[in-house]
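First up is the structure itself, then whatever we jot down about it.
We count ligands from 1, going down the list as the structure has it; atoms in each ligand are counted the same way. This is a predicted model, so every value here is computed, not measured. Residue numbers start at 1 and run along the sequence shown.
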Amino acid sequence: MGRVALVTGGTRGIGAACSKALKDAGYNVAASYAGNDDAANAFKAETGIPVFKWDVGDYAACEKGVAAVEAEVGPVEVLVNNAGISRDAMLNKMTPEQWSEVMRTNLDSVFNVTRQVINGMRDRKFGRIISISSINGQQGMLGLSNYCAAKAGMIGFTRTLALEGARKGITANAIAPGYVATELLSGVSEKVMEAIVGQIPVGRLGEAEEVARCVVFLAADEAAWITGSTLTINGGQLAD
Ligand code: NDP
């Protein structure tokens with residue numbers, strides 16, 4: 001039997017690629033999502049991976065959601081904190097709602113979900129916690145103060161979790177992808193997209209599957225000595 005992996009936001013985009021790659025690598029995967037039932041059902045039909053609907057920004061919902069995953073699939077050994085949104089605006093126009101929606105979905109979620117699995121991982125002396133941060137957690141970006149703050153916060157969270165889990169067989173790592181072709185970028189205008197691609201030395205957006213390869217690498221039992229790191233994957237855009 002393979003290890004159990006939970007991918008939040010695991011039904012679309014980067015998360016879906018992670019869910020599939022982990023399944024192909026032999027894991028028993030559960031994928032969570034927020035509300036897009038059509039996408040989740042299509043994903044489930046295509047992959048056979050069970051899907052679980054709850055809001056990762058809501059602590060009580062995470063308690064129930066992770067309990068449902070563990071009852072159906074088993075104790076979570078690999079957690080991929082992937083669910084995320086963007087609500088872009090320059091700070092002088094950003095609303096409190098845009099700020100807090102991003103903070104709760106992208107950063108509170110990491111506490112909310114990891115908190116549900118950490119004691120089991122400590123008891124079993126094995127865990128892999130992989131959080132999908134962003135190049136925009138490593139640098140500033142116009143109009144993304146909420147997103148950059150949340151993504152940088154994930155890196156700080158990861159470094160602390162690495163220390164706390166170090167003697168318990170638990171690793172915690174972040175992945176910082178550059179721009180990846182998913183629906184998250186669907187709101188970006190063609191002109192801005194051209195400028196973004198123009199700044200990527202490799203000359204193209206990343207593929208979700210390329211991020212998923214990093215997740216499988218960090219999830220492995222053999223990756224036990226990699227912890228507290230941020231794996232940068234961005235086509236050469238930012239050296240870190
Ligand atoms: P998508 O918009 O394609 O998919 C987002 C996924 O997250 C969906 O499954 C969605 O569920 C789920 N989700 C959103 N909000 C919640 C919530 N409140 N509770 C539970 N699930 C939720 O995003 P991407 O694949 O592009 O992004 C995935 C992660 O990678 C994000 O954290 C993003 O910030 C990060 N990232 C993305 C980059 C990019 O260029 N695309 C670059 C760097 C980082 P549903 O389908 O129900 O809406």
Closer than 4.0 Å to some heavy atom of [X] - which atoms of ligand 1 meet that?
X: Trp54; value: 19 (N), 20 (C)
X: Tyr179; value: 40 (O)
X: Ala83; value: 7 (O), 13 (N), 21 (N), 22 (C), 32 (O)
X: Gly9; value: 6 (C), 7 (O), 9 (O), 12 (C)
X: Asp55; value: 17 (C), 18 (N), 19 (N)
X: Val180; value: 39 (C), 40 (O), 41 (N)
X: Gly178; value: 40 (O), 42 (C), 43 (C)

I'd like the name of whichever of [options] reaches closest to [atom] through any heavy atom.
atom: atom 31 (C) of ligand 1; options: Asn82, Asp37, Ile132; value: Asn82
atom: atom 14 (C) of ligand 1; options: Ile85, Ile175, Val110; value: Ile85
atom: atom 41 (N) of ligand 1; options: Asp38, Ile196, Thr182; value: Thr182

Could you identify the single nearest non-hydrogen protein atom to [atom] and state the distance to 0.1 Å?
atom: atom 23 (O) of ligand 1; value: Leu184 CB, 3.8 Å
atom: atom 11 (O) of ligand 1; value: Ala34 N, 3.3 Å
atom: atom 5 (C) of ligand 1; value: Gly84 O, 4.0 Å
atom: atom 43 (C) of ligand 1; value: Pro177 O, 3.4 Å
atom: atom 19 (N) of ligand 1; value: Val56 N, 3.0 Å
atom: atom 33 (C) of ligand 1; value: Tyr147 OH, 3.4 Å

Legend entry - Lys151 and ligand 1 - part of the residue with a heavy-atom distance under 4.0 Å: side chain

Quick one: does [X] get within less than 4.0 Å of ligand 1, heavy atoms only?
X: Ser133; value: yes
X: Ala181; value: no
X: Thr11; value: yes
X: Gly35; value: yes

Ligand 1 and [X], any nitrogen or oxygen pair closer than 3.5 angstrom?
X: Gly10; answer: no
X: Gly15; answer: no
X: Arg12; answer: yes
X: Asn36; answer: yes

Legend entry - Side chains of Asn81 and Thr114, donor plus acceptor under 3.5 Å: yes

Legend entry - Cationic N near anionic O, under 4.0 Å, Arg122 to Glu164: no

Inset, instruction - Begin from the C-alpha positions of Tyr33 and Asn41 and carry the test side chain to side chain donor-acceptor pair (under 3.5 Å) through to its verdict. - result: CA-CA 11 Å; Tyr33 71 107; Asn41 290 333; 5.1 Å; no

